[in-house]
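Just so you know, residue 1 is the first one in the sequence shown, and it goes up from there. Keep in mind it's a predicted model, so treat the numbers as computed, not measured.
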Amino acid sequence: MSGAELVEWIAGWPVGAALRRSAILYLVVNAAHILAIGLLIGAIVPLDLRLLGLVGHAPVAVLGPFLAQAAAIGLAIAIVTGFCLFSVRPSAYLANPAFLTKLALLAIGTLNALSVRAGTAWSVARAGGAVALRLRAQALASLVTWLGALLAGRWIGFL
């Protein structure tokens, strides 16, 4: 299947067709997408700021697992609802530089999160140990990447 055929298939996907026909369904999926983004950003920003040592002194062992799981749930819901919204006008989105920037930042942020989870520095911090310099650098990258993805997502409607 070529790229053009895939885009055509996505545009013909029944969910995309239903969203194009129903303003209420589109509204609900869009609201779910915004809620998911709020959950993701609302969890990852405080975690990143804590790992950077910029806010509070609550133990990473207490905050970390909960906030990381909340962010992962938010990301999963955002991906599902985002794909549904994308299916409404895939060709238009693929021609939008802000959308492509958002996708790149989502990929970078997800890979960074997987790298954090796989690393020993995260395990040490979750066990109550010190936050390693590497983990702080990953937290800074996370903060910049996810906030960048949020801005790119808002930018989509202006192009």
Side-chain angles (χ1 to χ4, degrees), residues 1-52 54-55 60 63-119 121-122 134-159:
M1 179 180 286
S2 72
E5 291 171 331
L6 179 60
V7 169
E8 187 176 315
W9 180 84
I10 292 169
W13 189 44
V15 172
L19 288 168
R20 283 190 295 276
R21 284 192 311 270
S22 173
I24 292 172
L25 181 59
Y26 186 89
L27 172 75
V28 169
V29 173
N30 194 30
H33 189 63
I34 292 167
L35 179 63
I37 293 166
L39 179 58
L40 168 63
I41 298 296
I44 204 65
V45 168
L47 178 57
D48 289 339
L49 292 174
R50 172 58 190 94
L51 292 172
L52 288 166
L54 298 176
V55 297
V60 173
L63 291 177
F66 170 74
L67 291 175
Q69 187 174 20
I73 291 168
L75 177 60
I77 296 169
I79 288 170
V80 170
T81 56
F83 184 78
C84 291
L85 295 171
F86 169 75
S87 73
V88 172
R89 297 180 355 191
S91 296
Y93 284 118
L94 290 173
N96 187 314
F99 177 77
L100 298 175
T101 300
K102 177 183 175 179
L103 286 184
L105 291 168
L106 287 173
I108 292 167
T110 301
L111 290 173
N112 184 54
L114 292 171
S115 173
V116 166
R117 185 165 175 82
W122 175 245
R134 174 185 168 95
L135 186 55
R136 289 179 194 273
Q138 289 173 306
L140 180 60
S142 170
L143 190 61
V144 170
T145 302
W146 291 118
L147 292 178
L150 177 69
L151 290 173
R154 293 303 308 138
W155 182 32
I156 292 169
F158 295 97
L159 296 182

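Residues forming a side-chain hydrogen bond (donor to acceptor under 3.5 Å, both in side chains) with Thr81 (at least two apart in sequence, or on another chain): His33. With sequence neighbours left out, Phe86 forms a ring-ring contact (aromatic ring centres under 6.0 Å, His included) with Phe99. With sequence neighbours excluded, the residues satisfying side-chain contact (heavy atoms from CB on, under 4.5 Å) with Val7 are Pro90, Ser91, Leu94. Arg117 is linked by a side-chain contact (heavy atoms from CB on, under 4.5 Å) to Arg126, counting only residues two or more places apart in sequence or in another chain.
Contact record, Gly109 with Thr145: N-CG2, 3.4 Å, taken as the closest heavy-atom pair. Nearest heavy-atom pair across Leu47 and Ala68 is CD2-N, 4.1 Å. In terms of heavy atoms, Ala149 sits closest to Leu105 at N-CD1, 3.5 Å. Between Ile156 and Asn96, the shortest heavy-atom distance links the atoms O-ND2, 3.0 Å.
Within 6.0 Å of CD1 in Ile24 there are 12 or fewer heavy atoms belonging to other residues, nucleotides or ligands.
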Candidate pair Leu135 and Val116, rule side chain to side chain contact (heavy atoms under 4.5 Å, CB included), full reasoning: CA-CA 7 Å; Leu135 186 55; Val116 166; 3.8 Å; yes

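Between the CG atom of Leu106 and the CG atom of Leu111 there is a distance of 11.0 Å, given to the nearest 0.5 Å. If you take OG1 on Thr110 and CG on Leu114, they are separated by 6.5 Å, rounding to the nearest 0.5 Å. Separation of atoms CD1 (Ile77) and CG (Leu35) is listed at 7.0 Å; rounding is to 0.5 Å. Interatomic distance, CG of Leu49 versus CG of Leu140, reported as 10.0 Å (0.5 Å rounding). Distance check, rounded to the nearest 0.5 Å: CG of Leu103 to CD1 of Ile108 gives 11.0 Å. We find the OG-CG distance between Ser142 and Leu51 to be 8.5 Å, quoted to the nearest 0.5 Å.
Looking at Pro46 and Val55, their side chains never come closer than 4.5 Å, going by heavy atoms from C-beta outward. Annotation: side chain of Leu147 is in contact with side chain of Val45 (closest heavy-atom distance under 4.5 Å).
With hydrogens and angles disregarded, a donor-acceptor distance shorter than 3.5 Å links the side chain of Asn112 to the backbone of Gln138.
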Exercise answer: donor-acceptor pairs, residues 13-22 side-chain atoms, under 3.5 Å, sequence neighbours excluded:
{"unit_1": "Arg20", "atom_1": "NH1", "unit_2": "Ala11", "atom_2": "O", "d": "3.2"}
{"unit_1": "Arg20", "atom_1": "NH1", "unit_2": "Ser87", "atom_2": "O", "d": "3.1"}
{"unit_1": "Arg20", "atom_1": "NH1", "unit_2": "Val88", "atom_2": "O", "d": "3.0"}
{"unit_1": "Arg20", "atom_1": "NH2", "unit_2": "Ala11", "atom_2": "O", "d": "2.6"}
{"unit_1": "Ser22", "atom_1": "OG", "unit_2": "Leu25", "atom_2": "N", "d": "3.0"}

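Counting only residues at least two apart or on different chains, no ring pair (Phe, Tyr, Trp, His ring centres under 6.0 Å) pair has a member in residues 140-159.
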